[in-house]
Structure formats: structure tokens, C-alpha cells
Amino acid sequence: MLLIGLLLVGCVDDEKDEEEIAAPLPQTTELENAEETVITLKPKINVTYDRDSIQAFYDKHCWETAEKKCSLEPTPAQEILEHVRANQVKPGEEINFRLFAADEWAKFPQPDAYEVLIHKDGEITVAEVENKVLIVPTAEGRYFMSVKAIWSGDVKGEAVYAFLLSVKEE
């Protein structure tokens, strides 16, 4: 009986050690020493149109280090959005982009730029984004979109998302 008790105590101690080892590293928002800071943020994007949110789906992200540079290519938006309902928008309207971060990342910088690709009818075209605003295409139809958020200041990295628009005059 004593042997079983010792074995159980040993198991509990092993589990405790595993929990301590598996505990996540503390996150930091201190950016003064960006080279030394490990960024663990999985960025979320807030895409808005006329005060409504547009559902955007995470694709991938990358944070640069001295050893690793980022150069992400979006997954074809049709693959990510195959079974997704389109967001209905009017032609020529504005879509805004902004990083959405939880409180512990509130001081994290916003992306310096956004790049948007339009996937339509088997072709990919680059959409113009000015001041973090995309103008909705004027032709009616369904548009599969990829947006890449780019950080190029003290923090360097990229994050890619996809969203689907149904452009239609009401």
C-alpha cells in the first residue's frame, strides 16, 4: 500500500512539473527593445463598412526576427471562404482596416500598411488601399479578398486574412 502511495505522489509531482514546463511565457508589450522581445500575439483584424463589421477569416501570420524574415503569400481566398456567407456591400463604398488587440496588447502598434488582393473569375488583381481604406469595386458581383497587414517599423511582421464581398446596389 505504501508503494502505491509513493507511486501516486510521484505521478502528481511529475504532472506538476509538466504543468510548470508547459506554462506559457509571459507576454510583453514593451517595444523599446524590439530585438529582444518575443512577440506571441496572433493578430486579429477589424474590417468595417458603414459602421458594420465584415467577417474576416485568419489565414496566417509571421513576426520577423534577426534570423527569420517574413514574406507571406496568401492562401487563395476561395479555399478559405468556400462555405462562407458573403458580406453585402454597396459599390464604391469604403472599407476600413484596423488591428484588434486584447487589453494586454493595447499598446501594440497598428500595421503600417495593408495590401489587398481581389480573387475574381480566376484572376488576381491588386486593389488600391489608401490611408488604410479600401474602396469597394463598382461592378456588382462576388469578390474573394485577401488582405495582408504589414508592420515595418520597430515591429516587423505580416498577417493575412480573407473576406468575401457581395457587391450589389440595394
Any donor-acceptor pair under 3.5 Å from [X] side chain to [Y] backbone:
X	Y	answer
K120	T125	no
Q55	N87	no
K156	G153	yes
Q110	L99	yes
W151	E64	no
N46	F100	no

With a 4.5 Å heavy-atom cut-off, do [X] and [Y] have their side chains touching?
X	Y	result
W105	P43	no
R98	K132	no
P109	D154	no
D50	K90	no

What distance do [X] atom [atom1] and [Y] atom [atom2] have between them, rounded to the nearest 0.5 Å?
X	Y	atom1	atom2	value
Y114	K148	OH	NZ	13.5 Å
L165	F144	CG	CZ	10.5 Å
D59	E73	CG	CD	10.5 Å
Y49	R51	OH	CZ	11.5 Å
I45	S53	CD1	OG	11.5 Å
H119	E79	NE2	CD	10.0 Å

Can you name the closest pair of heavy atoms from [X] and [Y] and give their distance?
X	Y	result
P74	L117	CG-CD1, 4.0 Å
P91	T138	CB-O, 3.4 Å
C70	E158	O-OE2, 3.6 Å
I135	G92	CG2-O, 3.6 Å
I118	A127	CD1-CB, 3.8 Å

Hey, is [atom1] on [X] packed in by over 12 heavy atoms from elsewhere, all under 6.0 Å?
X	atom1	value
E128	CD	no
K69	NZ	yes
K44	NZ	no

query: In terms of ring plane angle, is the pair F97 and F163 parallel, tilted or perpendicular, where the classes change at 30° and 60°?
result: tilted
Taking [Y] as the starting point, is it possible to reach [X] by hopping between hydrophobic residues whose side chains are less than 4.5 Å apart?
X	Y	answer
V89	Y161	yes
M145	V167	yes
V160	V47	no
Y58	I95	yes
Y143	F57	no

message: L164 vs R142, test: side-chain contact (heavy atoms from CB on, under 4.5 Å). Steps then yes/no.
response: CA-CA 7 Å; L164 178 58; R142 289 172 57 91; 3.2 Å; yes
